[in-house]
Amino acid sequence: MALKTLNFPIHWRSKPSLPNADRPILRIPPRRSARPASPIVAAAANGNNGFRGIGGGGAASAEKGVPKNVDLVTLGNLCVDIVLGVPSLPPASKEDRRAYMERLAASRPHKNFWEAGGNCNLAIAAARLGLLCFTLGHVGDEIYGNFLLDVLHDENISFVGMSKNVDSTANIAAYETLLCWVLVDPFQKHGFCSRADFSEEPAFSWMTELTEEVKMAIQEAKILFCNGYAFDELLPDLIVSALDYAIGAGTTVFFDPGPRGRTLAHGTPDEQKALELFLKQSDVLLLTSDEVESLTGIKNPIQAGEALIRRGERTKWVIIKMGSKGSILINRSTVSCAPAFKVNVVDSVGCGDSFTAAIAFGFLHGMPTINTLALANAVGAATATGCGAGRNVARLCKVLELLKQSNLNEDDKFWSKLIEGNGLTSEVLLLSKVSINGRNDRLVRIPISNVVFELLPKFDAACESSVTRS
């Protein structure tokens, strides 16, 4: 039986499945809390697409002191997930997988099986933590695109369209919203497929330059987030231009290569160059232990993370996601380790995106690294207790519940083996259940009770407010 998302149905607007040059570029939802209107919001409201200061380079604009009123913008990777239960996952052969997907797409699945996917997961999780988020990308002017925009609007997330250089003679399918089929077998294993998997070019290769609105959004943002899946949609040169513009505008860059990191490392010259630039120029790198080993050839995740720090020209943090074991944050002076929280895992989809949202929150608020990891682990774990991602990612009250329970999946042997014998010169912080700080040479145990005591005041009022609204 197909899996269902546990949400009320969306009310639909009937629109044709055609590229629409008159489609609004920017959708600004009403905010739940009073915030000063940003220049991009004011410009959109006044119908002004010729933003002053755009086109002269991000560095010049940054020098003029353009205020950064947006916490986080995501680049590309906007899709609708079709979440279905299947007897078995798709076959390995590319052609067989294509035929499998075409059979699935032959008839439109019921709306109950649709969910916002890709970078929507990160944006929704971040918005629920109180961050002001924009998504940059392309969605089609059809029922799936309208669904996605409605979800973003309902979650108080703004959308900035990247639809420039539209070719009216092109195949309409090239402009449709990207669908990702999320397939779940009886053993809760996942398989993913989309039309981007079967194309030699990115899905939106017709997009060749950043719009002025996208530049303004990046310029106003405190963080630009990009992951490896953006290369499924956008040309490497376009993605690199966003990186360059962010650096010039003084915007912090987060990069998560994800599973695509391995293929990018062995991809076209443009893909390899783009990957190397992001690994060197990003402020914050996020990878799993398998991904960091693949990119560095170093098995120990701490040593691999330190190697990326040394290679990086701007790298401040390298975060290693260790699954059920927890996570590690490496900077130039310390290594912070945080065991995961024990939860009953229902679905792991969206956990990494939710984790990243909390890392962004900690980075922006100048939180201690160990506190940032504890929060990120809690947000990721809260998402794992639900079914699917999108609107089902962690809600703040569940996150606070896990923090208050403080049920860590401690494994001293695992962490000791990881930390010892590495010749580390950095101080190592380890989140622990111990009631007082403990120190052993360079290892400092940080009690979870102290961390929770510091975290809860940041969110308790927001949680009470969200309960009242619901």
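As a basis for the values below, the full set of heavy atoms in this structure was taken, side chains included, without hydrogen atoms, waters or symmetry mates. Treat the numbers as computed from the prediction; the structure is a model and nothing was measured.
- With sequence neighbours excluded, the residues forming a side chain to side chain contact (heavy atoms under 4.5 Å, CB included) with N409 are K342, listed by chain and number.
- F255 meets the ring-ring contact (aromatic ring centres under 6.0 Å, His included) test with F278; sequence neighbours excluded.
- Every side chain to side chain contact (heavy atoms under 4.5 Å, CB included) that T268 has, sequence neighbours left out, goes to D270, E271.
- Each ring pair (Phe, Tyr, Trp, His ring centres under 6.0 Å) pair with one or both residues in residues 330-360, not counting sequence neighbours, would appear here, but there are none.
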Q) When you look at F459 and F361, which way does the ring-ring contact (aromatic ring centres under 6.0 Å, His included) test go after all the steps? A) CA-CA 12 Å; F459 299 107; F361 183 95; 4.9 Å; yes
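- Within the 4.5 Å cutoff, side-chain heavy atoms of E427 are placed close to those of V444.
- The salt bridge (Lys or Arg N to Asp or Glu O under 4.0 Å) contacts involving residues 117-132 comprise R128-E155, where partners must be two or more places apart or lie in separate chains.
- Among residue pairs with one or both ends in residues 231-245, those qualifying as salt bridge (Lys or Arg N to Asp or Glu O under 4.0 Å) are D232-R260; sequence neighbours excluded.
- With sequence neighbours left out, the side chain to side chain donor-acceptor pair (under 3.5 Å) criterion links S327 to N377.
- Among residues two or more places apart in sequence or in another chain, the salt bridge (Lys or Arg N to Asp or Glu O under 4.0 Å) test is passed with E401 by K398.
- Residues passing the ring-ring contact (aromatic ring centres under 6.0 Å, His included) test with F254, sequence neighbours excluded: F363.
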Using a 3.5 Å cut-off and no angle test, enumerate the donor-acceptor pairs between side-chain atoms of residues 129-136 and protein atoms at least two apart in sequence or in another chain.
{"unit_1": "T135", "atom_1": "OG1", "unit_2": "S158", "atom_2": "O", "d": "3.3"}

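- Taking all atoms of both residues into account, the shortest heavy-atom contact from V73 to A217 is CG1-O, 3.9 Å.
- Using a 4.0 Å cut-off between charged side-chain N and carboxylate O, D290 and R262 make no salt bridge.
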Under 3.5 Å, side-chain donor or acceptor atoms of residues 316-323 against the rest of the protein: list the pairs with distances, not counting sequence neighbours.
{"unit_1": "K316", "atom_1": "NZ", "unit_2": "D283", "atom_2": "OD2", "d": "2.5"}
{"unit_1": "K321", "atom_1": "NZ", "unit_2": "D256", "atom_2": "OD2", "d": "2.8"}

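- Residues F192 and V182 are in side-chain contact: their nearest non-hydrogen atoms beyond the backbone lie under 4.5 Å apart.
- Residues passing the side chain to side chain contact (heavy atoms under 4.5 Å, CB included) test with D411, sequence neighbours excluded: K325, K413, F414.
- Ring orientation note: the planes of F204 and H138 are nearly perpendicular, at an angle over 60° on the 30°/60° scale.
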